[in-house]
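For reference, the structure discussed in these notes is given below.
Bear in mind that the values here come from a model prediction, so they are computed numbers and not experimental data. The first residue in the sequence is number 1, and the count goes up from there. Each ligand, and each atom within it, is numbered from 1 in the order the structure gives.
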Amino acid sequence: MNGIVFDIRRYSVHDGPGIRSTVFLKGCPLRCFWCHNPESQATGITKIRKTETLDGKSTIADENVGYSISDQAVVNTILRDRLCYEESNGGVTFSGGEPLLQPDFLLSMLRMCHEEGIHTAVDTSGFASREIFTRVAEATNMLLLDIKTTHGNKHLEATGQNNKVIVENLKSLNNPNLQLIIRIPLIPGINDTREELSASLQLLQSIRQPVERVDILPFHRLGQHKYEALGLLPSPKLPNHHATPNTREAISLFNQAGFWVKEGG
Ligand code: SF4
């Protein structure tokens, strides 16, 4: 079976435990205004405009984003680093875009990895039908699930979609074999107030699935140059600064509530 992938990154240390390969699947149903990989959002193979300068001369060329590849070919690439995974308790992480947007392709790769004894993680926004979400959660060792805001309208404003499906999917989890890591990207003006963070904390305290760890991801503006190359304008909502003032406060809030918290992914 073939799917559309836009990158396979080896030796990653930010997408789950140990040393990992991260497979980025193309396409995402959300449009987060801070997205660092806007080229990953559209489904299928798309184009990005690249400017290259050599000896003072600039040339502009369109480059494909994404390529069609078989599940077996992806897994063969992953297996090249089997020794690294074994020595570091690592594995493979399927990210995106939104990997749940290509469920059959994803599920097939998860099955193949498990047949090879490779630990799997899926990095998802949680925005998928209950059926797909449940099938993936049952097929992977670990879920890295983003919580952006618990506030429905704010979520709609920030990502283009309401968060009802995401919250309901999170609440549906109750699997003792699943490692759940919650990722909270701190977005100034969206979720970096004490009130917003407390609401996210309350949500996590109300679910049945144990949370292994909470990752607080400080805000940064990486990837903004890509918007121009895609013919898009960076969002006017994006604050013009790097610092996320409440990172420490966020960490201590979740820490005090008994969660294991890590800054960064
Ligand atoms: S969910 Fe991730 S990939 Fe999709 S738009 Fe948001 S930040 Fe980008």
Using a 4.0 Å cut-off to any heavy atom of [X], which atoms of ligand 1 qualify?
X: Leu30; result: 1 (S), 5 (S)
X: Gly97; result: 3 (S)
X: Gln41; result: 5 (S)

**Asked** Quick check: does Cys32 have an N/O/S atom under 2.8 Å of atom 6 (Fe) of ligand 1?
**Response**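 Yes, within the cut-off.
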**Request:** Please work out whether the ring planes of Phe24 and Phe6 are parallel, tilted or perpendicular, with thresholds of 30° and 60°.
**Result:**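 Aromatic pair Phe24/Phe6 classed tilted.
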**Prompt:** Are any of the heavy atoms in Asn37 under 4.0 Å away from ligand 1?
**Reply:**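 So Asn37 does not count as touching ligand 1.
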**Prompt:** Going by heavy atoms, is Glu98 under 4.0 Å from ligand 1?
**Reply:**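 No.
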**Message:** Strictly less than 4.0 Å: does any protein heavy-atom distance to atom 4 (Fe) of ligand 1 fall in that range?
**Reply:**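 Answer yes: something from the protein, a heavy atom, is under 4.0 Å.
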**Message:** If you apply the rule salt bridge (charged side-chain N to carboxylate O under 4.0 Å, His left out), what do you find for Glu263 with Arg248, and how did you get there?
**Reply:** CA-CA 9 Å; Glu263 182 175 348; Arg248 289 282 118 213; 2.6 Å; yes
**Request:** Assess whether side chain to side chain contact (heavy atoms under 4.5 Å, CB included) is satisfied between Lys148 and Ser125, documenting all intermediate values.
**Result:** CA-CA 9 Å; Lys148 291 152 178 114; Ser125 67; 3.8 Å; yes
**Item:** Shared hydrophobic cluster, Val74 / Val136 (ILVMFWY, side-chain heavy atoms < 4.5 Å)
**Value:**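 As far as the 4.5 Å side-chain criterion goes, Val136 and Val74 are connected within one cluster.
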**Prompt:** What's the verdict on side chain to side chain contact (heavy atoms under 4.5 Å, CB included) for Leu201 and Phe259, showing C-alpha distance, side-chain angles and the deciding distance?
**Reply:** CA-CA 9 Å; Leu201 173 62; Phe259 288 95; 3.5 Å; yes
**Asked** Closest non-hydrogen protein atom to atom 8 (Fe) of ligand 1, residue and atom name please, with distance?
**Response**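 Answer, as residue, atom name and distance: Cys35 SG, 2.3 Å.
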**Request:** Do me a favour and list the nearest non-hydrogen protein atom to atom 1 (S) of ligand 1 with residue, atom name and distance?
**Result:**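 Its nearest protein heavy-atom neighbour is Cys28 SG, 3.6 Å.
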**Prompt:** Of Leu25, Asp123, Thr124, Thr22, which meets side chain to side chain contact (heavy atoms under 4.5 Å, CB included) against Phe94?
**Reply:**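 That would be Leu25; it is the only one of Leu25, Asp123, Thr124, Thr22 passing the side chain to side chain contact (heavy atoms under 4.5 Å, CB included) with Phe94.
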**Request:** Have a look at Ile207 and tell me which of Leu173, Leu180, Asn174 forms a side chain to side chain contact (heavy atoms under 4.5 Å, CB included) with it.
**Result:**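 That would be Leu180.
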